[in-house]
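Encoded as structure tokens, the structure appears first; notes follow it.
Note that ligands are numbered from 1 as they come in the structure, with each ligand's atoms numbered from 1 the same way. Values below: all heavy atoms of this structure, side chains included; hydrogens, waters and symmetry mates excluded. Along the sequence shown, residues are numbered consecutively beginning with 1.
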Amino acid sequence: MSGYHSAQVDVPVRLNTNESPFPPPDGWLDAVANIAKTVPWNRYPDRGAIELRETIARRHNVSPANIFVANGSNEVIQTILLAYGGAGRCVATFEPTYQMYSQIAGVTGADVVQGERKADLTLDPLEIERVLTRDKPSVSFLCNPNNPTGLIEPRANLDALLAHTTGIVVVDEAYAEFSEWSAMDMVSEDKPLAVTRTFSKTLSMAALRVGYVVAPKQMIADLEIAVLPYHLDSFKQAATIAALGFVSEMEQRVDAIKSERTRIFTAVSDMDCDVWPSGSNFILFRPRSSAASAVWQRMVDAGVLVRDCSTWPRLTGCLRVTVGTADENSAFLGALSAALSIN
Ligand SMILES: *Cc1c(COP(=O)(O)O)cnc(C)c1O
């Protein structure tokens, strides 16, 4: 196998990993400095992360027994696959989508079955029915909005997954705050549905490494069996509880990012590029008459880094840009326009 890579190049404008362009609020930084001095560092953390789960549970109006927290939603996905994947089982993804589902499923020894999106990168519910009925995956992933396309999934696709699954369905909502709908209010004890969220994107805390899942109690109990003891350190538990006091401040920034997203979408649509409408904080586009890798390199030379997806299966010729600050986005649009004008 090979690992998961995202090229990191040291340039002034980095728009390649879908982080928030804004740092967290000052009030949270002060709280964190205080937490660092008062954590009982000689003691193991609260293994059940009770207070943290209570705080997140209040946000979603569920019980703490419906919440599992880990070091980023990637670790949530890993724990789900340790519990429900593994040798002799199969895991379904609908490509192109977030690469970590297949990557981690493969590491656990599960077989991966890849359903296909259409040429326009939308997903047909009949494809979901076909894959789930044929392969009976123990875990099926739906990323909404989907990374790397940015497209919002129709509700019919989640309905199709729930109608045909004989295992569990995981909806990855890393970008939920930028989207038009969430599956969160569909989580209930009688559905095999798990919804994941992260602090890495809207909440401006990619460095903290926190994500969580809301799911039926039995599923949470299964994840607790699979995860390592004390996987969430005391500092992180307290810093995350403090962060939840600033959620509304951080969500206010979502509007700013959405209006910049519209500006980028309109401007790139006016260039010689195909562009996909986005319900997230990034935009997928494809230069029509220039080689994407050459465009990517010219933009790097101009100090702007975007994600080069042009060699990924099903994304030939595509690039993906994260919405940044207004200045960063202007730098991106200038660099892209210049890069496209050379043949
Ligand atoms: C960024 C991203 C994640 C987040 O991973 P973390 O481990 O929480 O930083 C999860 N899923 C998708 C689709 C993402 O794009």
Side-chain angles (χ1 to χ4, degrees), residues 3-8 14-21 24 52 56 67-82 91-105 107 114 117 121 123 139-153 157-158 169-179 182-184 194-215 223 227 231-233 236 239-240 243-244 247 250 254 257 261 276 278-284 306-307 309 312 315 318 320-324:
Y4 176 81
H5 297 289
S6 177
Q8 291 299 338
R14 291 203 330 218
L15 301 174
N16 64 328
T17 46
N18 300 345
E19 295 139 311
S20 171
L52 173 56
I56 294 173
I67 306 278
F68 173 81
V69 190
N71 297 287
S73 49
N74 283 338
E75 195 184 41
V76 173
I77 294 164
Q78 182 186 53
T79 310
I80 290 171
L81 288 168
L82 287 172
V91 172
T93 64
F94 295 91
E95 303 292 329
T97 191
Y98 189 49
Q99 283 306 294
M100 291 310 295
Y101 312 141
S102 298
Q103 175 78 20
I104 302 173
V107 169
Q114 300 189 319
R117 286 165 193 274
L121 302 179
L123 176 58
V139 186
S140 301
F141 284 98
L142 188 71
C143 185
N144 183 39
N146 188 36
N147 183 6
T149 64
L151 295 173
I152 297 175
E153 291 295 339
N157 283 349
L158 180 53
V169 173
V170 179
V171 180
D172 181 344
E173 294 197 346
Y175 303 96
E177 292 86 352
F178 304 103
S179 182
S182 163
M184 194 59 92
V195 177
T196 67
R197 293 280 179 96
T198 176
F199 280 63
S200 298
K201 311 286 162 58
T202 319
L203 297 184
S204 296
M205 295 183 187
L208 187 64
R209 310 301 303 128
V210 188
Y212 61 92
V213 61
V214 183
L223 301 184
V227 78
H231 70 295
L232 277 185
D233 67 76
K236 176 174 310 197
T240 307
L244 288 161
V247 164
M250 289 185 277
V254 169
I257 290 174
R261 179 177 79 196
W276 281 266
S278 170
S280 54
N281 69 340
F282 56 86
I283 291 181
L284 186 76
V306 299
R307 193 70 177 266
C309 318
W312 299 4
L315 290 173
C318 290
R320 189 194 69 190
V321 62
T322 305
V323 180

Using a 4.0 Å cut-off to any heavy atom of Ser200, which atoms of ligand 1 qualify? 6 (P), 8 (O), 9 (O)
State whether the shortest distance between N or O atoms of Tyr101 and N or O atoms of ligand 1 falls below 3.5 angstrom. no
Arg209 near ligand 1, heavy-atom distance under 4.0 Å? yes
Donor-acceptor under 3.5 Å (Lys236 side chain, Leu208 main chain): yes
Taking heavy atoms and a distance under 4.0 Å, where does Phe199 meet ligand 1: side chain, backbone, both or neither? neither
Option set Gln99, Met205, Gln78, Lys201, criterion heavy-atom distance to atom 3 (C) of ligand 1, minimum: Lys201
Check whether Asn146 reaches the backbone of Leu121 with its side chain - one donor and one acceptor, N or O, closer than 3.5 Å. no
Taking N or O atoms only and a 3.5 Å limit, does Glu75 qualify as a polar contact for ligand 1? no
Ligand 1-proximal atoms of Asp172, by part, heavy-atom distance under 4.0 Å: side chain
Taking the six-membered ring for Trp, are Phe141 and Tyr98 ring centroids under 6.0 Å apart? no
State, without any angle test, whether Glu95 and Thr93 hold a side-chain donor-acceptor pair at a distance under 3.5 Å. yes
Under 3.5 Å, is there a donor-acceptor pair linking the side chains of Ser278 and Arg320? no
Answer yes if the side chains of Tyr175 and Asn144 hold a donor-acceptor pair under 3.5 Å, and no otherwise. no
Would you say Cys143 touches ligand 1, if touching means a heavy atom closer than 4.0 Å? yes
Are a donor atom and an acceptor atom from the side chains of Glu19 and Ser200 found within less than 3.5 Å of each other? no
What is the closest protein heavy atom to atom 15 (O) of ligand 1, and at what distance does it sit? Tyr175 OH, 2.5 Å
Starting from atom 4 (C) of ligand 1, which protein heavy atom do you reach first, and at what distance in Å? Ser73 OG, 3.2 Å
Just to check, does Asn18 reach to within less than 4.0 Å of ligand 1 when the distance is taken from its heavy atoms? no
Between Arg197 (side chain only) and Asp172 (backbone N and O only), is there a donor and an acceptor less than 3.5 Å apart? no
